[in-house]
Amino acid sequence: MKNWNKKQVPREIVAGLNAKYGIDALTASILARRGITEGKDVQFFMEDNERFMHSPFLFKNMEEVVDRILQAKDEGEKVLIFGDRDVDGITSTTVLHDFLTSLGMDVTYRLPAGADPYGLNMGTIDDFAAAVEEDFKRGKGALIITVDCGISNVSEISYATEKGMEVIVLDHHNPPEVLPEPAIIIDPKCEDSGYPFKDISGCAVAYKVVSALRFALAEPIYGMEIALLDANVTGGDCVVDVIRTKNLTERGTFSVRIPQGKSIMETELPNILRNQHIYIWDKAKFSAIFGTDSFNFADFRDEIMRVWPERGKLSLRELRARSKIALYNPEFDSDIMGFFNLFVTYHSISATKKFSNENERDLQLVALAALADIMPLVDENRIFVRRGIASINAGNAREGLRELLALAGLLSEGRTITSTDLSWNINPALNATGRLGQPEIGLGLLTEKESDRRISIANRIIAMNNERKQFGADAWEYGNPKAQESIDANGGKLCVIVDERINRGVSGILAGKLVSAYNVPAMAMTFVDGTAIGSMRSCRSFDATAFLDALDKEGAKDGKPGLFISHGGHDYAAGFSFEKSRLDEFLSAVKKFVPSIKLSDDDTETFDIDAELPQRYLDTDEFDIFTVIDRFEPYGEENAGLIFMSRSLRISDAKKFGKPESRHLKLTFDCGRTKWPALLWNGAESLDKDFSVGDCVDVIYNVERNFYNGNTTPQMKIIDIRRAGA
């Protein structure tokens, strides 16, 4: 019997969420059960505004990247964007390529094709060096930008530097111990990146760079050091609060007390304000405190009055009271931080407005990448995906994506596209181009201007995806029979499949299926032109990249080079390649390290129930459950679909269905005025054995929309079912 776990949550927590954030009781109880009770986490479930995204300039090296790219623009340098072959790499390349070409820059791109290894390679560098040879003679520079790769390409980037090229690395994979030099690196997983959220996709990293470039081009305050001041008289003394900013990020916070009768010049304030452009709020107050000739400042209130007159009439205290940022983040709950928040909001909106259409198109690709690369759907990833999907559902799907959506039947009138639709229908098709060694076809679809060409490319991609499915089925036929023997040989801790018949593009799919089937980490590999190419997928809290790192070091003993030609990835998904002649070394290293593998024990199938719904909640005339379900979209990694429980639902009808065998079951529950359809996959044998028509049952289930003939109706997808009270 499956374990149903309904966690009890204190009423005061639910009441607190309701009182502080205005969240309804059902949503609040779900948040509480999921441990989402801190404002910094709640905000990403309740808000969709881009203002809640993290500033791109929080990356320590962002200004250096922006300045270097703008230098390339100004000096007419050639730029090569090198991406990866998967959805994340294709979308990353598209986002950066679209923007740089819109600036009139001389940009080309390259993705790994055919048997090319993951990451930047020497051949690409040589080709680009030949292309820029004449530019070098004329004293021009050249720039390579890697996207969704590069962090592990130490030797390749060193080689590019020797050739006279500069390199920017935009990546999100786990960094190695030795970072590539002298590249400028933007990677949220680097310890000193400065960025507050590590788990964004490669496309999101590219999007952050493009956002920073847009700000630099749109806002005259780019690069300016600006101080925001607020002053208040307390007990005769004056207290001046200062936030020093640059590119909308906080660069220092100060509070200076000026005793009654003392001059500003007798305090540290002049040093704090040196070389700063000074903004205040309410010059009348400042003039009353300091006089009119104390120091030069601009009244930001005047600027706000021109665009938001209703806000311009308020004091900083009143603005703070209305701030949603301050509502969720207590550190913003002060007058000076309220000033900073308004300053950032104003300039963020101002910059975004000038590129609003382009920004919307980019977010659609960022949404695809987050889902394809299985990024945790928390923090700003939720805003990326929600905004991207909202744009698609508003009828603004970008070129290329629109054609794929149409072929997948997702653009029918009245249909609402969800994260699940994109994950199951669009990403696999786009991914197929890379898996079959032709990722440029996927990128070509997203960058093609001619409608007829896009339709032709989209149909070709669908055909490639069907071919990929067959390769995946074949790989399972080759690999699965060997799986149990490998697991037994590796002490029940690891599955290793080596078969030259496996298409290199589906090794990751096979490894993933082996993990799902056997609940142990799995490695699947094949051979291409003397090179072993493989993928590793993990589970049960085992770090795939750390394991590969250990194997690589083992191969480097006795003065030999590391085992792998290339390797890297995420904790749960990684890729690698090595010379076929070193296969025995590889297998020996695996055998040596298998005993050290520690897997968490998660064999018990437990379902955490998010909420118990009484029958009155299932009456759609009284309560629309989708208002709650849609608020928790997008669903995926670290945000599983909501699981509801209902008790004593009466089965009024039951029908078996399926082809060629009727293995599934469609039930109808009588919930008063509403009759709820419910699907129980592979549940046909349960009818008249575990329950019958007329019985009352307890169920746990997801709620989903059923689209049929242009109509949308709610239905349950049953996870488990029991006779009431059993």
Side-chain angles (χ1 to χ4, degrees), residues 47-53 87 90-91 94-95 97-99 102 201 203-204 207 210-211 214 349 352-372 377 380-430 442-459 461-462 465 624 626-627 629-636 704-714:
E47 305 296 336
D48 301 334
N49 196 298
E50 290 177 39
R51 176 64 183 88
F52 287 86
M53 295 180 188
V87 170
I90 290 170
T91 54
T94 301
V95 166
H97 181 266
D98 275 1
F99 183 70
S102 75
S201 68
C203 187
Y207 170 74
V210 168
S211 298
R214 285 175 178 148
I349 291 174
T352 301
K353 274 185 177 179
K354 297 176 183 178
F355 297 97
S356 58
N357 291 336
E358 296 91 338
N359 187 66
E360 185 174 315
R361 289 160 54 84
D362 288 348
L363 282 172
Q364 294 175 24
L365 298 185
V366 177
L368 288 181
L371 298 170
L377 293 175
E380 67 179 345
N381 281 334
R382 296 189 53 76
I383 299 179
F384 292 150
V385 180
R386 286 183 67 87
R387 291 299 295 260
I389 292 177
S391 174
I392 294 169
N393 281 323
N396 299 321
R398 61 175 289 148
E399 297 86 351
L401 178 55
R402 182 168 61 241
E403 282 74 16
L404 282 182
L405 289 166
L407 289 175
L410 296 174
L411 292 184
S412 56
E413 187 176 349
R415 184 180 184 109
T416 300
I417 293 169
T418 67
S419 56
T420 303
D421 293 324
L422 298 180
S423 295
W424 285 92
N425 295 282
I426 304 305
N427 280 336
L430 201 55
L443 198 152
L445 175 67
L446 298 176
T447 57
E448 175 59 50
K449 304 301 181 186
E450 290 291 330
S451 175
D452 290 346
R453 283 282 301 147
R454 289 197 304 272
I455 293 171
S456 175
I457 296 171
N459 278 294
I461 288 174
I462 296 300
N465 191 35
D624 183 5
F626 285 112
T627 59
I629 293 171
D630 291 346
R631 175 42 55 195
F632 282 85
E633 273 275 1
Y635 295 104
E704 58 188 13
R705 289 179 172 92
N706 179 40
F707 301 98
Y708 185 72
N709 283 342
N711 296 316
T712 304
T713 55

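The residues of the chain are indexed from 1 along the displayed sequence.
When all heavy atoms of R398 and L446 are compared, the pair lying nearest together is NH2-O, 3.2 Å. Of all heavy-atom pairs spanning V95 and C203, the tightest one is CG2-SG, 3.9 Å. Across all non-hydrogen atoms, the minimal contact from G388 to A367 is CA-CB, 4.2 Å. Across D624 and T627, no two heavy atoms sit closer than the pair O-OG1, 2.8 Å. Considering all non-hydrogen atoms of both residues, R402 and A397 come closest at NH1-O, 2.9 Å. Heavy-atom minimum distance, F384 versus A204: CE1-CB, 3.8 Å.
The closest donor-acceptor contact from the side chain of Q364 to the backbone of N396 lies under 3.5 Å. Side-chain atoms of D98 do not come within 3.5 Å of backbone N or O of T447 as any donor-acceptor pair. Not a single donor-acceptor pair under 3.5 Å links the side chain of N427 to the backbone N or O of S423. A donor-acceptor contact shorter than 3.5 Å is absent between the side chain of Y635 and the backbone of L377. Counting only distance, with no hydrogens or angles, the side chain of R454 and the backbone of E448 share a donor-acceptor pair below 3.5 Å. With N393 contributing its side chain and I417 its backbone, the two residues share a donor-acceptor pair below 3.5 Å. Using a distance-only test at 3.5 Å, with no hydrogens or angles considered, no donor-acceptor pair links the side chain of R387 to the main chain of N49. Checking side-chain atoms of S102 against main-chain N and O of F99 turns up a donor-acceptor pair under 3.5 Å.
For the side chain to side chain donor-acceptor pair (under 3.5 Å) test, residues two or more places apart in sequence or in another chain that qualify with N359 are E50, Y207. Remark: E704 pairs with no residue by the salt bridge (charged side-chain N to carboxylate O under 4.0 Å, His left out) rule, at least two apart or across chains. With sequence neighbours excluded, the residues forming a side chain to side chain donor-acceptor pair (under 3.5 Å) with T418 are D421, listed by chain and number.
Going from atom CE of M53 over to atom OG1 of T352 covers 9.0 Å, rounded to the nearest 0.5 Å. Taking CD1 of I461 as the start and CG of L407 as the end, the distance is 9.5 Å to the nearest 0.5 Å. With rounding to the nearest 0.5 Å, the separation of CD in E358 from CD in E360 is 10.0 Å. With rounding to the nearest 0.5 Å, the separation of CG in L401 from CG in L422 is 7.0 Å. Between R386 atom CZ and F632 atom CZ the span is 10.5 Å, to the nearest 0.5 Å. Within the model, atoms CG of D452 and CD1 of I457 stand 11.0 Å from one another, a figure rounded to the nearest 0.5 Å.
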Task: Test side chain to side chain contact (heavy atoms under 4.5 Å, CB included) applied to L430 and N465, step by step - done: CA-CA 8 Å; L430 201 55; N465 191 35; over 6 Å; no
TODO: Start with the C-alpha distance between L405 and R415, add both sets of side-chain angles, then the distance that settles side chain to side chain contact (heavy atoms under 4.5 Å, CB included), and finish with yes or no.
DONE: CA-CA 12 Å; L405 289 166; R415 184 180 184 109; over 6 Å; no
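Taking the side chain as every heavy atom from C-beta outward, I426 and L410 approach each other to under 4.5 Å. Proximity of L404 to I462: side-chain heavy atoms (C-beta onward) are separated by under 4.5 Å at one or more points.
Using a 4.0 Å cut-off between a side-chain N of Lys or Arg and a carboxylate O of Asp or Glu, E399 and K449 do not qualify as a salt bridge.
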